[in-house]
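Okay, structure first, notes after.
Predicted model only: the values in this text are computed from it and were never measured. Order of the sequence lines sets the chain letters (A, B, ...), proteins ahead of strands, with each chain counted from 1.
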Number of protein chains: 2
Amino acid sequence: MNVQLETNSSKRDAILNSTLLLIKEYGFHGTPMSQIAKHAQVAAGTIYHYFDSKETLIIELYIRTRDQLTEALMEGYEQSSPYKDRFFKLMHNQYNFYIQNEPAMVFLEQYVNSPFAKNFPEKDSILFKEKIISFFESGIDGGYFKNIDPRLLGPTIRGTLVAAANFRLSEQMIYSEDDITEVVQIVWDGIKRQ
Amino acid sequence: MNVQLETNSSKRDAILNSTLLLIKEYGFHGTPMSQIAKHAQVAAGTIYHYFDSKETLIIELYIRTRDQLTEALMEGYEQSSPYKDRFFKLMHNQYNFYIQNEPAMVFLEQYVNSPFAKNFPEKDSILFKEKIISFFESGIDGGYFKNIDPRLLGPTIRGTLVAAANFRLSEQMIYSEDDITEVVQIVWDGIKRQ
DNA sequence: TGCTACCGAATGAACGTTCAATTGGAAACT
DNA sequence: AGTTTCCAATTGAACGTTCATTCGGTAGCA
């Protein structure tokens, strides 16, 4: 089980993709393995060739989705750029990812508010979180942000961006660069040193 | 079934309370009716005396919880107060409600990100939403807020407050009035006309 | 006597998971 | 080159369990 860690197995990907789509539509409990199998066009047993159980399937889907978000966040990020530019870049990237990957956003939101998140200590992502936190710390030290607990900033920003993205998507609005800037500006004005 | 709409049935309340607590702990799918019955100290069949199905139980729990939030929001609200005071009052109340009712907050967040929310058109609460929106509109007209789509303001504010409350609760911090003011200030600075 | 509240064992469907059987392709061997 | 061996990949029917829901019955009250 779970033999080919390196090989790009199309079925494995198909299973993960179907799970993401179906969970967005019907929720965790609303999507039986049989339905995932049908949607991914594999036999029910095949899923168990790649994943030990439904739970690990969902956890691995979470890891993959989270890593995709991380990668999207970092796109075009230049360590040498001014701090404020880097911050705006990160927020733009995050907001764009949500808008362009609604199933991923919905799934991530469901996941973090579910018992899975509690029972699965995030291990490696702690390193990433510490990176984010130290990024915020330097923003505070640099005089850009209010003197807020830096651990509070990540969730707060995510909350705003997710809420805004959800709204845009539910209203089926055509979003423009101006839209994005408006939302990012709300975040920035909220936390910047006045 | 569902006969006593007016009477205050303690069993009915016990069932709703147990459902709220268990869903916070184990999620929608993780809480069988049998467990709800055991926790509420009633027989499994009794639940079906008060609710048609698990789905309607959850929907009715949502309605009750949402109404509790609405009531908490309005506590001490004075129509005659200055606009900015009223706005701060609303945000304080909302944040306090989340902090003091963690199960309610977790449940509401799970619910809005679940398929229930899609399949159950909120009917009456639309009126409430329109009240909120017109409240924001007068904030924009009065020159307090940026010129943002007022429908965007509600979700965005909720996103920030929920994220902050979640963080406070997960870190098991003792929260003070200063804490609250800090979070509310983030929201205010984000959307106020600069 | 009739009605409401309540009980909890029984029911049957749905679900996650298993497994014996089949395929296919890549080595190993002749 | 042809044959055999081997094992990962895949299938889907079958299994056992869990769960939401039902239902026949009891108790108490009007």
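The two residues Lys89(A) and Tyr77(A) come nearest to each other via the heavy atoms CG-CA, 4.4 Å.
Take Tyr95(B) and apply the ring pair (Phe, Tyr, Trp, His ring centres under 6.0 Å) test, not counting sequence neighbours, and it matches no residue. In this structure, Lys38(B) has no side-chain contact (heavy atoms from CB on, under 4.5 Å) partners at least two apart in sequence or on a different chain. The side-chain contact (heavy atoms from CB on, under 4.5 Å) check on Tyr26(A) picks up Leu22(A), Thr31(A), Gln35(A), with sequence neighbours excluded. Not counting sequence neighbours, the partners of Ala104(B) by the side-chain contact (heavy atoms from CB on, under 4.5 Å) test are Thr65(B), Phe97(B), Asn101(B).
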Extract from the structure each pairing of a protein N or O with an N or O of nucleotides 20-26 of chain C at less than 3.5 Å, listing the distance.
none

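Atom CH2 of Trp188(A) and atom CG of Asp189(B) lie 13.0 Å apart (nearest 0.5 Å).
Residue His49(B) places at least one side-chain N or O closer than 4.0 Å to OP1 or OP2 of dA5(C).
As rounded to whole Å, 12 Å separates atom C1' of dC15(C) from atom CD1 of Ile36(A). In this structure, NZ of Lys38(A) is placed 13 Å from C1' of dG12(D), rounded to the nearest angstrom. Atom pair Ile15(B):CD1 and dA5(C):P shows a separation of 12 Å (rounding to whole Å applied).
Under 3.5 Å, the side chains of Asn17(A) and Arg64(A) contain a donor-acceptor pair of N or O atoms.
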Any chance you could list the contact pattern along nucleotides 18-26 of chain D? Use B for base contacts, S for sugar-phosphate-only contacts and - for none, protein heavy atoms under 4.0 Å, 5' to 3'. -SSBB----
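Taking the nucleotide of DNA chain C with the nearest heavy atom to each of Thr46(A) and Thr46(B), the more 5' of the two is matched to Thr46(B).
Contact check on Glu130(A) versus Arg151(A) returns no salt bridge, with no Lys/Arg side-chain nitrogen under 4.0 Å from an Asp/Glu carboxylate oxygen.
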